[in-house]
Structures are given as structure tokens and as C-alpha cells.
Amino acid sequence: MKCMYCGCTESKVIDSRSTDEGRTIRRRRECMQCGRRFTTYETIETTPVLVVKNDGTRQSFDPNKIKNGIIKACEKRPVSMSKIDKLVEEIKKEVYNSLEQEISSKRIGEMVMDGLREIDEVAYVRYASVYRQFTDISSFMRELETLMQHKDKISEEKQPE
């Protein structure tokens, strides 16, 4: 790291601290030539991920949009904010761990629905009704039947043999 006062490239680290919930490291350094101290920050460099919308347009991946949609779906439901944050964090990890530079909004929507299905069935149906754009009662009923089949399958897997 180059000293901002004299330009020397030799410095020693005096103190290191984690900041920003462990995503950044703050380092106090001392220049080996002039002895002055300065602060540097080390962060993880992330590759921007673009979300490909249904109409083909692209925009930056924003976990806050996912969180807001989940909050709306969970409104007046017994779902804690910690569960919502955990789901958003899981989706965020899955998106970044895919190592893809582009991801479809459809795939993100499916991730949200899979997570909501496990957290709260009513929130799942609410989200699905907006996400899948139900046009009539029969499409809504098909989604409910799928949810019931999923629920039955899970309860069968949990029963002891």
C-alpha cells in the first residue's frame, strides 16, 4: 500500500478490525519512511450480476427488491423479520454462488417461492398470485393443488417407516 503522504510503498499494519458485519477489514498502517499513519479498507470484490427481465431488459441484481416483495407477501402473517432476512440471504448466496453474470427474473422468483413455501403457505400463495399473474380462478386452484401435493409429499417423507 502506497503512503498517501510520501509515496513510499513500505508500511506496517498497526491494527486490523472487522467492520460492516465482517464484510470489510479496516487496517491502520504506519509508513516505514515518514512514520505517518493512515487507514486502508479491504473488501471483497463482487462481480455485478444482471437480472434478465421477462421483456429482455437487464438491471442490476438488488436483494432489497426481493426483500420488499417477501415482506409484502408476509404482511399480517406470523413470519419474523429474521426468517425473511435469512431467506433473502440464502437467495443472495445462491445467485452469487452460481458464478453467472446474468440470471433470469423467473429463476429468482422460483427461488423466492421455494423459500416461502417452507416458511408460510399463505405468503407463498400471495407471492405466487402476483408472480405467476393468475388470470382466473382455475390457474389459482392449480397452484393450490400443487402446494397441497408438495405438502403431502413432505409429510409422507417425515413419517417413520
Side-chain angles (χ1 to χ4, degrees), residues 1-2 4 9 13 16-29 38-158:
M1 188 61 58
K2 197 180 217 181
M4 59 187 281
T9 56
V13 175
S16 285
R17 292 182 190 190
S18 179
T19 61
D20 192 25
E21 296 176 3
R23 290 183 281 237
T24 304
I25 297 175
R26 177 186 178 269
R27 299 191 196 280
R28 283 295 291 160
R29 296 177 176 272
F38 56 98
T39 303
T40 60
Y41 294 90
E42 182 179 319
T43 59
I44 296 173
E45 185 177 357
T46 57
T47 308
V49 176
L50 295 178
V51 176
V52 181
K53 308 289 271 179
N54 290 334
D55 64 0
T57 59
R58 287 162 172 72
Q59 64 184 58
S60 295
F61 174 68
D62 183 2
N64 288 325
K65 286 186 175 184
I66 294 169
K67 186 175 185 174
N68 291 337
I70 294 171
I71 288 171
K72 279 184 183 174
C74 294
E75 208 168 81
K76 297 183 181 176
R77 297 295 305 155
V79 179
S80 68
M81 203 60 200
S82 64
K83 283 185 179 180
I84 292 171
D85 287 338
K86 184 179 178 199
L87 176 57
V88 171
E89 199 58 38
E90 288 170 3
I91 292 169
K92 195 167 115 178
K93 281 181 186 175
E94 191 171 336
V95 168
Y96 284 118
N97 286 341
S98 72
L99 302 177
E100 295 175 25
Q101 291 181 331
E102 292 185 346
I103 187 166
S104 70
S105 60
K106 181 177 168 79
R107 186 159 161 221
I108 292 172
E110 294 296 330
M111 287 183 219
V112 171
M113 286 183 21
D114 289 344
L116 282 175
R117 184 184 297 125
E118 304 302 318
I119 293 172
D120 186 90
E121 293 171 350
V122 173
Y124 166 81
V125 172
R126 284 179 180 169
Y127 188 88
S129 69
V130 173
Y131 174 73
R132 294 238 166 97
Q133 298 175 343
F134 296 142
T135 53
D136 56 22
I137 194 74
S138 61
S139 58
F140 187 75
M141 288 304 294
R142 280 194 299 275
E143 188 65 37
L144 286 176
E145 288 168 3
T146 304
L147 178 62
M148 294 302 292
Q149 289 170 359
H150 178 76
K151 187 176 179 180
D152 291 343
K153 183 180 172 186
I154 288 177
S155 61
E156 286 174 11
E157 290 173 357
K158 289 183 179 178

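All figures in this text were calculated on a predicted structure; none of them were measured in a lab.
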Verdict with reasoning, I108 to K65, per side chain to side chain contact (heavy atoms under 4.5 Å, CB included): CA-CA 11 Å; I108 292 172; K65 286 186 175 184; over 6 Å; no

Closest contact, heavy atoms only, P78 versus D120: CD-OD1, 4.2 Å

Reported OG1-to-CZ distance for the pair T24 and R26, which is rounded to 0.5 angstrom: 12.0 Å

Close side-chain approach of R107 and V95, heavy atoms under 4.5 Å: no

Could you tell me the separation between the CD atom of E89 and the OG atom of S82, rounded to the nearest 0.5 Å? 13.0 Å

Enter the distance from Y124:OH to E118:CD here, rounded to the nearest 0.5 Å. 10.5 Å

D114/R117 under side chain to side chain contact (heavy atoms under 4.5 Å, CB included): CA gap, chis, key distance, verdict: CA-CA 5 Å; D114 289 344; R117 184 184 297 125; 3.3 Å; yes

Decide side chain to side chain contact (heavy atoms under 4.5 Å, CB included) for L116 and C74; before the verdict, give the C-alpha distance in whole Å, the side-chain angles of both, and the deciding distance to 0.1 Å. CA-CA 9 Å; L116 282 175; C74 294; 3.9 Å; yes

Exercise: identify the closest heavy-atom pair between K83 and I119: O-CD1, 4.1 Å

To check you understand the geometry: which heavy-atom pair defines the closest contact between A73 and Y127, and what is its length? CB-CB, 4.0 Å

How far does OG1 of T39 sit from CZ of R28, to the nearest 0.5 angstrom? 3.5 Å

Rounded to the nearest 0.5 Å, what's the gap from OG on S16 to CZ on R29? Could you check? 7.5 Å

Of all the heavy-atom pairs spanning V51 and S104, show the shortest one and how long it is. CG1-C, 4.4 Å

Can you name the closest pair of heavy atoms from K72 and R126 and give their distance? O-NH1, 4.3 Å

To the nearest 0.5 Å, tell me how far N97 CG sits from L99 CG. 7.0 Å

Please give me the minimum heavy-atom distance between V112 and L87, naming the atom from each residue. O-CD2, 4.3 Å

Could you check if a side-chain atom of K67 sits within less than 4.5 angstrom of a side-chain atom of M81, using non-hydrogen atoms only? yes

